[in-house]
Amino acid sequence: QYKKLRNLVKDARHDCIVFANEFHQHSYLPREKGESMEKWQTRSIYNAAVWYYNHCLGQMPVVMVTEDEDAIRQYGNETEGVFVISFKNYLDNFWPDLKAAHELFDSILQARRERESESQENNGKEYPEHLPVEILEAGIKSGRYIQGTLNVNKHRAQLEAFVRLQGFGSKETELQSDILIYGARARNRAIHGDVVAVELLPLHEWKGRTVALCENEAEDKAPADTTGDPMPTGKVVGIMQKNWRDYVVTFPSKEESQSQGRNAQKILVTPWDYRIPKIRISTQQAEALQDYRVVVRIDSWESTSVYPNGHFVRVLGRIGDLEGEIAAILVENSICVAPFSEIQMSEMPVSSSKNPWKVNPEEEKTRLDLRDTHLIFSIDPKGCEDVDDALSVRTLPNGNLELGVHIADVTHFVAANSYTDVEARARATTYYLADRRYDMLPSVLSADICSLLSGVDRYAVSVLWELEKESYEMLRVCYNKTIIRSAYKLVYEAAQGLLDGDTSGVGDILELKDLDERTRQKKLAELVWAVSKLTDIARHVRAKRDSCGALELEGVEIRVQLDDQRNIHDLIPKQPLEVHETVAECMILANHWVAKKISENFPHQALLRQHPPPRQEFFTELRECASAKGFSIDTRSNKALAESLDKANDPLDPVVNKLLRSMATHAMSNALYFSTGSCPEEEFHHYGLALEKYTHFTSPIRRYADIVVHRLLMAATLNETKGDVKDNVFSNKDLQELCRHINNRNRAAQRAQKQSTELFQCMYFKDKTPETDERCIADGVIYSIRTNGVLVFVPRYGIKGAAYMKNKEGLILSSQDGRSCEWKPGSLHRFQNKITSTTTAGESVTLSLFDHITVKILVQTSRCHADTIKLEIIRNAPYQTSDTEVSQKNLHIVKSDLVKEVSQSAEAAQHAQEKAKVEAVAEDYQEYCQTKGASLYQLLEEIRDLALLDVSADIRT
């Protein structure tokens with residue numbers, strides 16, 4: 001609670017001030033002999049309130065809110081202008097119409113009363129008491145206890161949790177793996193995400209992690225044959241830091257409510273997140289709310305209680321409704337997307353079609369003008385609005401080359417600590433969901449004034465390198481505030497066409513239309529030279545990184561197609577074009593050189609991005625899978641890994657290399673932002689990109705980290721006339737705290753994007769009839785073997801899921817000669833690279849790693865949790881459609897189609913129910929200054945190129 005209050009107070013948007021009354025001469029009161037701490041604190045706070053009232057010359061009344069009835073009686077009428085009242089009194093008198101706050105207060109009050117009466121009744125201990133903090137801290141220092149973050153296995157949430165190791169104080173540990181916490185009692189009331197202190201159990205009590213597929217059910221015991229080798233196992237002895245948040249829950253159905261027992265007001269609600277235990281809340285609205293998703297908070301978890309106690313906060317929406325489910329995803333990831341306020345919008349420059357934004361003549365004098373000297377162009381996906389980067393290359397008078405990367409100068413329009421800046425810092429990133437995005441900055445900046453569109457003047461921050469004309473060796477680099485005018489807004493396909501000498505796409509380049517033939521040919525020749533030269537330079541730079549061990553990892557590769565109304569029309573697997581690599585390489589180069597510059601000038605307070613080497617044990621599955629195909633994967637360094645992944649290529653099945661790269665991605669640590677003053681220089685390294693120093697500079701429209709880096713670069717390179725820019729540079733401590741916040745928000749953005757994509761997949765397949773709909777049958781590739789089934793990748797939809805070979809009745813899957821599968825009595829035998837089912841009649845089927853099988857895609861529905869995709873093996877043979885044309889046509893029915901179809905049906909259903917509400921929702925989007933129906937490109941690019949996370953790879957058991 002203290003941490004939550006501290007964060008609320010620190011959030012600049014809430015206009016809170018902390019006054020240290022105990023350290024102020026005029027408000028300090030010494031504690032009297034025999035006076036309790038609570039009475040002294042209350043007396044001190046009242047004294048501070050009186051001093052502040054007098055300090056303001058009595059011009060403004062001061063309200064002190066307390067639940068201490070004695071204090072209210074004693075001080076209530078003592079000083080005119082200082083009101084001492086209870087919280088209920090405060091709400092009734094000052095906020096009588098704030099219904100939600102009154103309901104929340106009643107809910108908290110009721111929960112507290114229930115808790116007090118329960119603790120009087122209940123003397124039996126369900127859990128051991130937690131040790132005092134001072135004992136825990138001493139134990140962590142001495143090495144007796146180990147500190148780490150609790151991660152609950154969502155596939156076996158009742159039984160399995162792991163503690164990821166953190167620091168160990170002064171004592172070294174020999175532990176190389178996570179610590180298993182087995183069972184609810186050993187977890188001792190810790191909740192997923194809490195920082196806990198763990199005591200290791202004796203060696204003979206160690207257990208293995210589950211290797212069987214599970215369906216999130218509350219099994220009390222894992223069958224003995226489903227666990228792996230014993231691993232360090234422990235129990236939670238104390239909680240160092242509670243990381244409780246708002247939880248989305250579902251009330252029990254009518255039947256479940258009746259079975260819960262005598263006290264109808266005490267209700268056990270089930271959280272949407274499998275990893276969170278059921279929460280007991282007190283409410284009289286249980287029946288009315290049983291069809292809704294609801295937000296609750298946990299108040300406490302006593303050692304005498306099986307479940308934590310909490311209180312009701314607010315209603316989100318009906319179960320199964322698209323808007324309600326999206327709201328649940330936002331709450332679960334602590335994403336708050338309130339509208340940009342009037343005061344934030346008042347800071348924005350004015351730009352409209354009638355009155356477009358223009359360059360300021362005074363600003364023009366202070367910037368390097370590249371409008372007439374440089375051929376600048378951008379290369380982006382189709383339909384991209386927020387163009388935050390552009391490129392240039394030219395021959396200098398001395399014969400050398402000049403390469404330029406030009407990034408939108410967002411910080412010119414977003415002043416440090418302005419209202420817009422504070423909001424952008426809180427959001428930290430633009431959030432991309434499957435059917436919408438929530439912008440970090442108002443769209444007047446992101447889609448207009450800071451978007452480097454062709455034919456218009458824009459402010460930029462440019463990095464310019466002079467290169468030797470033959471070897472492309474970098475001779476010098478400079479960083480400038482510039483004015484640019486992009487000549488072309490190219491799409492990837494057109495740029496690739498120019499590179500390949502294919503002129504058929506030239507007609508799509510708008511800037512070349514309406515020109516006479518001679519001018520057109522001249523300009524086209526200049527553009528072709530520039531794109532070809534850029535690609536040549538990028539190949540050289542990439543080869544240099546490759547020689548140091550840069551990794552090419554398989555991530556989500558998707559291209560977005562938008563229709564005329566700017567809705568997502570289609571998402572198709574992005575064809576790997578060389579021009580993608582060209583642009584990416586130029587951005588990586590700029591990020592790298594900016595990182596070098598800011599870390600030189602600010603060695604203890606620069607924001608960089610590190611990617612730690614992965615732990616070797618995470619590569620075990622990758623090595624085993626590769627050996628099944630006869631490949632050897634060397635994971636000792638990034639260079640060795642990159643080279644062995646390049647060699648692990650099956651010419652007959654390209655999916656094998658994709659899956660191996662996906663597994664390598666899955667084994668990676670996350671790339672993280674950090675302050676250079678927080679760790680030694682040898683830890684700055686970026687493993688995936690094989691660079692000593694790296695940062696994010698190239699996307700300030702959608703990432704707050706880039707805004708911080710822009711300010712650092714300006715402070716490092718420019719002598720600003722207006723104010724000292726170094727005043728805007730964070731201290732190491734503040735910057736490290738900001739980095740933690742941004743890292744946290746980035747993870748939330750990735751989870752939300754992934755969960756929203758899964759939501760659309762499920763809603764799409766839910767309405768299909770698997771038996772008759774051709775879209776529900778697909779080819780699958782086995783990429784992992786478990787004791788009771790296999791994990792399967794479906795390339796057509798980019799889906800990964802579990803396929804069981806043993807059902808709940810104990811029957812096994814049997815199939816002969818590629819015919820349809822049937823359930824029969826028998827047994828399963830798991831080997832390292834294959835699994836064999838043998839029926840009692842002696843029929844045998846073996847499935848091996850990387851086998852192609854035919855699967856049926858089903859949806860496993862859940863009232864309390866998110867629906868999930870379930871795969872069913874229907875034939876032990878690759879999928880073959882009778883109609884090749886239909887197959888080709890449907891080959892690219894991927895996430896976009898799901899988004900489009902689900903959005904349309906959801907809107908139609910809602911329209912039929914309540915037309916007015918749909919209109920209100922549309923107005924909401926206008927008011928929130930957010931974009932609905934935008935591209936996922938930016939997030940997907942970031943995951944692939946920089947975060948090194950495979951967002952689809954979530955099944956770890």
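Please read all numbers here as calculations on a predicted model, not as lab measurements.
Across Leu441 and Pro700, no two heavy atoms sit closer than the pair CD1-O, 4.0 Å. In this structure, Ser446 and Ser451 approach most closely via the heavy-atom pair O-CB, 3.8 Å.
Take His741 and apply the ring pair (Phe, Tyr, Trp, His ring centres under 6.0 Å) test, not counting sequence neighbours, and it matches no residue. Take Tyr459 and apply the ring pair (Phe, Tyr, Trp, His ring centres under 6.0 Å) test, not counting sequence neighbours, and it matches Trp357, His412, Phe413. Not counting sequence neighbours, the partners of His710 by the ring pair (Phe, Tyr, Trp, His ring centres under 6.0 Å) test are Phe697. Every residue two or more places apart in sequence or in another chain that forms a salt bridge (charged side-chain N to carboxylate O under 4.0 Å, His left out) with Arg458 is listed here: Asp448. Partners of Glu466 according to the salt bridge (charged side-chain N to carboxylate O under 4.0 Å, His left out) rule, which considers only residues two or more places apart in sequence or in another chain, are Arg476.
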Audit row: Asp706, Ile407, side chain to side chain contact (heavy atoms under 4.5 Å, CB included) steps and yes/no:
CA-CA 10 Å; Asp706 301 52; Ile407 306 300; over 6 Å; no
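Using a cutoff of 4.0 Å between basic side-chain nitrogens and carboxylate oxygens, Glu323 and Arg436 are scored as salt-bridged.
Donor-acceptor pairing under 3.5 Å is lacking for the side chains of Arg609 and Tyr694.
Counting only residues at least two apart or on different chains, the salt bridge (Lys or Arg N to Asp or Glu O under 4.0 Å) pairs with a member in residues 353-362 are Glu362-Lys365.
Shown are Thr582, Leu577, Val583; of these, the side chain to side chain contact (heavy atoms under 4.5 Å, CB included) with His580 is made only by Leu577.
A cation-pi arrangement is present between Arg427 and Phe340 under the rule of less than 6.0 angstrom and at most 45 degrees off the ring axis.
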